[in-house]
Amino acid sequence: MSTAAWLHGLDLAGVAVFAASGALAAGRKSLDLFGVFIIAAVTAIGGGTTRDLLLDRHPIFWLNDPAYLVTIVLAAGATVLVVRRRPAAASPGRPLLVADALGLALFTITGTRLACEAALPLPACALLGMMTGVLGGVFRDVLSGEVPLILRRDLYATAALAGSLSYLAAQGLPRPVPSLLGLGVVLLLRALAILRGWRLPIFRLPEEPR
Amino acid sequence: MSTAAWLHGLDLAGVAVFAASGALAAGRKSLDLFGVFIIAAVTAIGGGTTRDLLLDRHPIFWLNDPAYLVTIVLAAGATVLVVRRRPAAASPGRPLLVADALGLALFTITGTRLACEAALPLPACALLGMMTGVLGGVFRDVLSGEVPLILRRDLYATAALAGSLSYLAAQGLPRPVPSLLGLGVVLLLRALAILRGWRLPIFRLPEEPR
Amino acid sequence: MSTAAWLHGLDLAGVAVFAASGALAAGRKSLDLFGVFIIAAVTAIGGGTTRDLLLDRHPIFWLNDPAYLVTIVLAAGATVLVVRRRPAAASPGRPLLVADALGLALFTITGTRLACEAALPLPACALLGMMTGVLGGVFRDVLSGEVPLILRRDLYATAALAGSLSYLAAQGLPRPVPSLLGLGVVLLLRALAILRGWRLPIFRLPEEPR
């Protein structure tokens with residue numbers, strides 16, 4: 001298998017994982033089956049779509065490659081079938097968290113790489129990489145009427161940003177060292193967040209008197 | 001009247017109807033008059049704007065044609081005036097539902113047609129068509145702080161998708177058969193949903209234990 | 001200092017002010033420190049980013065100029081530090097309101113000017129100008145799970161629209177009269193809204209019987 005095919009496969013794996021997480025979120029809101037697919041699609045392609053719009057990359061990555069939409073339908077459908085038989089599988093257990101971390105890592109590094117190839121300054125590369133990783137989940141939460149989890153969860157967007165910055169800092173090294181380093185940093189920070197409960201300090205204001 | 005003028009007129013009719021539905025939604029949230037116009041505009045042009053951004057069609061359809069914004073202002077203004085005199089008109093009765101179904105059908109088929117003209121694969125054409133039809137309403141609901149109605153309503157996005165797929169399946173037939181078929185499928189499914197209560201199964205997960 | 005540098009400085013001042021207002025909004029939601037920066041960034045660049053996407057202006061204004069992201073980080077960081085020491089500073093007092101009005105005025109006129117330079121019809125210029133001014137705050141509220149304040153606040157989006165229209169009406173006059181007039185109208189209406197409580201009538205529908 002060529003490198004390009006391998007990367008495409010990883011990309012589709014990330015899409016599948018995020019589609020499954022979107023389907024689970026939709027299930028908690030009692031949406032109909034079609035709403036489930038919509039939330040799954042938004043979660044899976046929201047981050048990359050925003051990245052492509054901001055970078056003026058056309059056609060948007062999923063428009064010309066049916067594999068993405070097919071993957072989303074299959075992943076969301078499988079999630080619904082599995083959860084209907086075994087509702088316990090819906091609780092976000094270890095497998096889902098591992099897969100979600102992989103998707104976050106892959107999307108973040110892909111986004112950072114594409115921004116670098118567009119010759120943007122480093123802060124913009126880091127921000128675009130992080131956005132590619134986290135925005136799908138943000139859209140999922142906004143559509144479901146939730147305050148985006150990303151905004152208060154344990155080292156989630158922070159893990160994406162750290163991975164993106166590691167990738168950028170290692171640009172002098174031979175390929176594929178920067179990518180592997182970036183992926184590793186995201187996965188490591190997610191593991192620490194999940195296993196050890198690492199998190200950032202909360203910024204809390206007192207209630208406003210009225 | 002030429003075909004182009006006729007299509008433009010239908011398009012404006014769809015915009016007017018969606019603007020009125022946005023104004024009604026705003027009225028339920030006690031927004032000020034200006035907020036009413038904003039929600040009306042977002043509902044009316046949100047779907048087509050997203051379609052144009054994703055397809056890289058510039059200028060965005062309403063930027064160069066003042067008729068769209070004028071129509072929105074007139075439709076939202078008329079809605080406010082009518083509802084103030086006869087509040088009973090605000091309950092979403094038969095006329096509004098018929099008009100809304102027409103708008104949904106028109107926008108869905110327009111979006112599918114434009115995606116086809118951009119030579120996209122069929123799944124992307126269907127998704128873009130559906131998005132053109134339903135996204136204005138999604139934005140309206142998100143701005144109003146609601147879980148998008150589209151995601152749980154009776155055969156709404158589903159009707160749009162079915163119409164889009166019918167249009168695509170009939171591409172071999174002479175014009176305007178595909179368009180008429182697509183429009184007819186959307187309207188028929190909406191009629192069944194409204195008159196017979198047709199809906200998709202709900203996908204409901206048990207509450208997570210905490 | 002050249003005119004361009006002066007305008008760029010004013011633009012950055014607007015970004016800083018909106019970043020601070022985003023950070024304060026995030027503090028009321030008990031987000032973590034990183035969420036604070038995200039909300040600050042969305043508030044500060046959301047309006048201009050949407051404007052650039054709609055006008056097909058690439059690269060998006062902040063992608064190639066690191067000064068914007070640096071300003072956001074500094075302004076949000078300073079806000080957190082100040083508010084931690086003196087929580088009373090978090091109540092939206094006179095200084096913040098003045099600064100926010102300045103940012104609204106500057107972004108509105110910039111957006112209107114760029115739309116005019118793209119030779120759009122007047123209604124589109126006015127709408128794009130207003131959107132540039134207010135959309136950052138709308139995104140901030142949607143991400144925080146609030147009904148956008150802009151939609152019910154006292155003469156906020158209305159002030160932006162009035163400023164944009166004044167700028168357009170004065171196009172025959174020598175520069176920089178139109179800009180100064182537009183800025184002045186926004187600031188005046190905001191002052192009347194804040195000091196005198198000027199607001200538009202509310203459009204309220206009765207609750208729907210169910």
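Quick note on labels: first sequence line is chain A, next is B, and so on, each numbered from 1.
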>> Which residues in residues 42-62 of chain C have any heavy atom closer than 4.5 Å to a heavy atom of chain A?
In response: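 Residues C:Thr49, C:Leu53, C:Asp56, C:His58, C:Ile60, C:Trp62 are the ones that qualify, each having a heavy atom under 4.5 Å from chain A.
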
Less than 4.5 Å apart, side chain to side chain, heavy atoms only: is that true for [X] and [Y]?
X        : Y        : answer
C:Gln171 : C:Pro178 : yes
A:Tyr68  : A:His8   : yes
A:Tyr167 : A:Leu181 : no
C:Thr158 : C:Leu189 : no
A:Arg113 : A:Thr110 : yes

> What part of C:Leu69 lies closer than 4.5 angstrom to a heavy atom of chain A: side chain, backbone, both or neither?
Replying inline: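 It is the side chain, since no backbone atom gets that close.
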
> Do side-chain atoms of A:Thr112 reach the backbone of A:Thr108 as a donor and acceptor pair under 3.5 angstrom?
Replying inline: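 Yes; judged by distance alone, with no hydrogens or angles, the pair exists.
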
>> Between C:Ser21 (side chain only) and C:Phe18 (backbone N and O only), is there a donor and an acceptor less than 3.5 Å apart?
In response: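 Here the side-chain-to-backbone pair exists.
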
> Can you say whether A:Leu161 sits under 4.5 Å from chain C via the side chain, the backbone, both, or neither, judging by heavy atoms?
Replying inline: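 Looking at A:Leu161, just its side chain touches chain C.
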
